[in-house]
Amino acid sequence: MDWNYYDTFITVAADCPVETGTKPPDKKDGKTKPGIEFELITNHPYGYTQKELLYEVHIRHKNIPEAELAERGDQIRDEFYMKPQPCLRASMLPKKYGWGIHFNAKGQIAIVPVESPDYRRFVEGAYGNVKLLAAMRNKRR
């Protein structure tokens, strides 16, 4: 199963509550999942595919120690990928924090703030054959 999108742009949710791309806040006891996603993507634009990002967020959010990863890494990875995982259309980055998500031809990810000219160009189709998908809404109608 291919977990990745290619040449795709996920727009912010129609009911996104912010008008500018906003950094997700941390919790008292550490980072949230959207905070980890934000940090990884902004520090490594086009460095992760969706599949790689979801796994990296999982191990960081669960605070799995390096020693355990060295010892049981394959088992942990296999267990993670056996369970269905929500795609980035369900991420809080485009749903709540105002970030569009671009997947290049290799499936690698970068985020684009909703207020930026780049975001507007993606939505208007200026980048050729990039498919547009909307993030999932925050609330059902």
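Source: prediction; values computed, not measured. Computation of the quantities below employed the complete heavy-atom set of this structure, encompassing side-chain atoms and omitting hydrogens, waters and symmetry-equivalent molecules.
With hydrogens and angles ignored, the 3.5 Å screen pairs a side-chain donor or acceptor of Thr8 with a backbone N or O of Tyr6. The backbone N or O of Ala134 lies less than 3.5 Å from a partner atom in the side chain of Arg89, making a donor-acceptor pair. Put simply, the side chain of Glu52 gets close to the backbone of Thr49: a donor and an acceptor are under 3.5 Å apart. Checked by atom type and distance alone, the side chain of Asp15 pairs as donor or acceptor with a backbone atom of Asn138 at under 3.5 Å.
For the atom pair Asp118 CG and Arg120 CZ, the distance stands at 9.5 Å (nearest 0.5 Å). To the nearest 0.5 angstrom, Ser91 atom OG is 11.5 Å from Lys96 atom NZ. Distance check, rounded to the nearest 0.5 Å: CD of Glu56 to CD of Glu37 gives 12.0 Å. Atom NZ of residue Lys33 and atom CG of residue Leu93 lie 12.5 Å apart, to the nearest 0.5 angstrom. A distance of 10.5 Å separates CE of Met136 from CE of Met92, quoted to the nearest 0.5 Å. One finds the OG1 atom of Thr20 at 5.0 Å from the CD atom of Glu115 (value rounded to the nearest 0.5 Å).
Taking each heavy atom of Thr32 and Lys27 in turn, the nearest pair found is CG2-CG, 3.4 Å. Heavy atoms only, all atoms of each residue included: Pro45 and Ala110 are closest at CB-CB, 4.3 Å. Contact detail for Ala13 and Arg137: the closest heavy-atom pair is CB-CA, 4.2 Å. The two residues Cys16 and Gly98 have their closest heavy-atom pair at SG-N, 3.6 Å. The shortest heavy-atom contact between Thr42 and Glu39 is OG1-O, 3.4 Å.
Residues Arg60 and Lys31 fail the side-chain proximity criterion, which asks for heavy atoms closer than 4.5 Å. Taking 4.5 Å as the limit, some side-chain heavy atom of Tyr97 sits within range of a side-chain heavy atom of Pro25. No side-chain heavy atom of Leu88 sits less than 4.5 Å from a side-chain heavy atom of Pro94.
A chain of hydrophobic side-chain contacts below 4.5 Å, direct or via other Ile, Leu, Val, Met, Phe, Trp or Tyr residues, connects Phe103 to Ile111. A continuous path of Ile, Leu, Val, Met, Phe, Trp and Tyr side chains, each step under 4.5 Å between heavy atoms, connects Tyr48 with Ile41, placing both in one hydrophobic cluster. When hydrophobic clusters are built by joining Ile, Leu, Val, Met, Phe, Trp and Tyr residues whose side-chain heavy atoms come closer than 4.5 Å, directly or via intermediates, Ile36 is grouped together with Ile76. In the hydrophobic clustering of ILVMFWY residues, with side-chain heavy atoms under 4.5 Å counting as a link, Leu53 and Trp99 come out together. Taken together through direct or relayed side-chain contacts under 4.5 Å among Ile, Leu, Val, Met, Phe, Trp and Tyr, Val12 and Val130 form part of one hydrophobic cluster.
Surrounding CD of Glu19 are at most 12 heavy atoms belonging to other residues, nucleotides or ligands under 6.0 Å away. Heavy atoms from other residues, nucleotides or ligands lying under 6.0 Å from CD of Gln75 number more than 12.
Annotation: ring-ring contact (aromatic ring centres under 6.0 Å, His included) contacts involving residues 69-95, sequence neighbours excluded, comprise Trp3-Tyr81, Tyr55-Phe80, Tyr55-Tyr81, His58-Phe80. Applying the ring-ring contact (aromatic ring centres under 6.0 Å, His included) test to pairs two or more places apart or on separate chains, those with a residue in residues 9-30 are Phe9-Tyr119, Phe9-Phe122.
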_Tyr127/His102 under side-chain contact (heavy atoms from CB on, under 4.5 Å): CA gap, chis, key distance, verdict_ = CA-CA 11 Å; Tyr127 293 121; His102 178 237; over 6 Å; no
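Each of Leu40, Asn104, Ile101, Ile10 was checked for a side chain to side chain contact (heavy atoms under 4.5 Å, CB included) with Ile109, and the lone residue meeting it is Ile101.
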